[in-house]
Amino acid sequence: MTERDAQPTAQRDPAFSETQGEPQETHNEARQHQPQEAGAEADAVQENGGEVSTDATPAGVPEAAIPELVIISGMSGAGRSTAAKCLEDLGWFVVDNLPPALIPTMVELGARSQGNVARIAVVVDVRGRRFFDNLRESLADLDSRGVTRRIVFLESSDDALVRRFESVRRPHPLQGDGRIVDGIAAERELLRELRGDADLVIDTSSLNVHELRAKMDAQFAGDEEPELRATVMSFGFKYGLPVDADLVADMRFLPNPHWVPELRPYTGLNEEVSAYVFNQPGAKEFLDRYAELLRLIATGYRREGKRYVTIAIGCTGGKHRSVAVSEKLAARLAAEGVETVVVHRDMGRE
């Protein structure tokens, strides 16, 4: 009888927390997107004795791979970070605080990724205000390339913005030596023209984080339900509860294989240990009912905009029962279409 080595998978990214105006640069694997048709044939025609190409695809950008683009902007404190993270969870490649002059370059790099970066979201805000003069030129460049692009503008009332800045005790990026309201007024004036060009304006004055995410999902998720990613973690109670656990289940109601001499050296990854655990009264019934409960919880999580969940399965030492149940539960979730990773936190500590 041999034991399979435990290979814990990588931890998930931590769930987001709304931080107003904080720089970040994140990315996620983008789903494939069908590009638009080129507007002209690729054949060359003769003109004035020379060959002139009628190919409408810009030089250096593969015709079949031009990414879709969303530009996220708006008032500081209105929820740009939340909107960007929502698109990231939907599979977009997200870049925060990119100078507008570099947006066409970003699109071209995405086009050269052979379909790996099919949708790009760029956050443009007042931290890059000296580059705003280049934004209109960049948008014209994108239009000439046939890039599908949308501008999302996050708006909020002065009262709501003041409350948010005061709650985090941070100055407005443009207030200088003045008051928060002075910075808000300056930013509104700076962004006035961009707001008028926006394809989608979302007023977040009375929205919480979950409601904003729901609006973004409605605009960009299409007919697809946003994905939920699960981490199933085995652990030992004697080493303490996982601090990042959303749900905790206790397997100590099952007999411990530790007291079976021939099973003691092995872990829950071993087939004989797993068979011993699931042959105990209540083990299979627990797995069925807990999986059913998780289906109900997952529906609510998606509705509330939660994208990541950590399910902790514990036993005394985190070696036998919790490991065996975690493996079975993760397989059940994966079979139901939930992106799942397994982490055995305490296996091997004894």
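As the structure is a computational prediction, the values presented were derived from the model and not from experiment. Numbers for residues simply follow the sequence, beginning at 1.
- R252 places no side-chain N or O within donor-acceptor distance of the main-chain N or O of F237, the cut-off being under 3.5 Å.
- Distance CG/L263 to CG/N270: 7.5 Å, rounded to 0.5 Å.
- Ring geometry for H320 versus H258: interplanar angle of 30 to 60°, hence tilted.
- Just one of D89, D244, D246 meets the side chain to side chain contact (heavy atoms under 4.5 Å, CB included) condition when paired with Y308; it is D89.
- A side-chain donor-acceptor contact under 3.5 Å links K319 to the backbone of R264.
- When atom types are taken as modelled, the side chain of D346 and the backbone of G318 share no donor-acceptor pair closer than 3.5 angstrom.
- Atoms CG and CD, on L142 and E108 in that order, are 11.0 Å from each other to the nearest 0.5 Å.
- Cation-pi geometry between R349 and Y239 is met: the NZ or CZ atom falls under 6.0 Å from the ring centre, inside 45° of the normal.
- Using a distance-only test at 3.5 Å, with no hydrogens or angles considered, a donor-acceptor pair links the side chain of T340 to the main chain of V338.
- S157 places no side-chain N or O within 3.5 Å of a backbone atom of S205 that could act as its donor or acceptor partner.
- Of the possible donor and acceptor atoms, one in the side chain of S113 sits under 3.5 Å from a partner among the backbone N and O of G110.
- Ion pairing between R119 and E68 fails under the 4.0 Å rule for side-chain N and carboxylate O.
- Every ring pair (Phe, Tyr, Trp, His ring centres under 6.0 Å) that F253 has, sequence neighbours left out, goes to F286.
- The hydrophobic clustering, which links ILVMFWY residues whose side-chain heavy atoms are closer than 4.5 Å, places V277 and F235 apart.
- The hydrophobic clustering, which links ILVMFWY residues whose side-chain heavy atoms are closer than 4.5 Å, places L241 and L247 apart.
- The shortest side-chain heavy-atom distance between R321 and I313 does not fall under the 4.5 Å cut-off.
- V248 and V343 sit in two unconnected hydrophobic clusters of ILVMFWY residues. Membership requires side-chain heavy atoms under 4.5 Å apart, directly or through other members.
- Judged purely by atom type and a 3.5 angstrom limit, D199 uses its side chain to pair as donor or acceptor with the backbone of I151.
- Atom CD of E285 is separated from atom CG of D288 by 8.0 Å, given to the nearest 0.5 angstrom.
- With Q219 contributing its side chain and K215 its backbone, the two residues share no donor-acceptor pair below 3.5 Å.
- Between F93 and E88 there is no side-chain heavy-atom pair separated by less than 4.5 Å.
- Two residues are said to be in side-chain contact when any heavy atoms from C-beta on lie closer than 4.5 Å; D96 and V94 fail this criterion.
- F165 is listed as a side-chain neighbour of S76, based on a closest heavy-atom distance under 4.5 Å.
- The only option from E211, R164, E155, R80 that meets the side-chain hydrogen bond (donor to acceptor under 3.5 Å, both in side chains) definition with T204 turns out to be R164.
- Among E189, R195, E187, R188, the single residue meeting the side chain to side chain contact (heavy atoms under 4.5 Å, CB included) criterion with L191 is E187.
- Side-chain contact between L329 and V342 is absent, with no heavy atoms from C-beta onward closer than 4.5 Å.
- L294 is connected to F278 through a chain of hydrophobic side-chain contacts under 4.5 Å among Ile, Leu, Val, Met, Phe, Trp and Tyr, so both are in one cluster.
- Proximity of V124 to L194: side-chain heavy atoms (C-beta onward) are nowhere separated by under 4.5 Å.
- K238 NZ: more than 12 foreign heavy atoms inside a 6.0 Å radius.
- Summarising the local packing, CZ of R289 is surrounded by 12 or fewer heavy atoms from other residues, nucleotides or ligands at distances under 6.0 Å.
- Distance check: L269 CG to S274 OG gives 9.0 Å after rounding to the nearest 0.5 Å.
- Taking the charged nitrogens against the carboxylate oxygens, R332 and E336 have no contact shorter than 4.0 Å, which rules out a salt bridge.
- Side-chain contact between V122 and L69 is present, with heavy atoms from C-beta onward closer than 4.5 Å.
- Between M75 and S156 the shortest side-chain heavy-atom distance does not fall below 4.5 Å.
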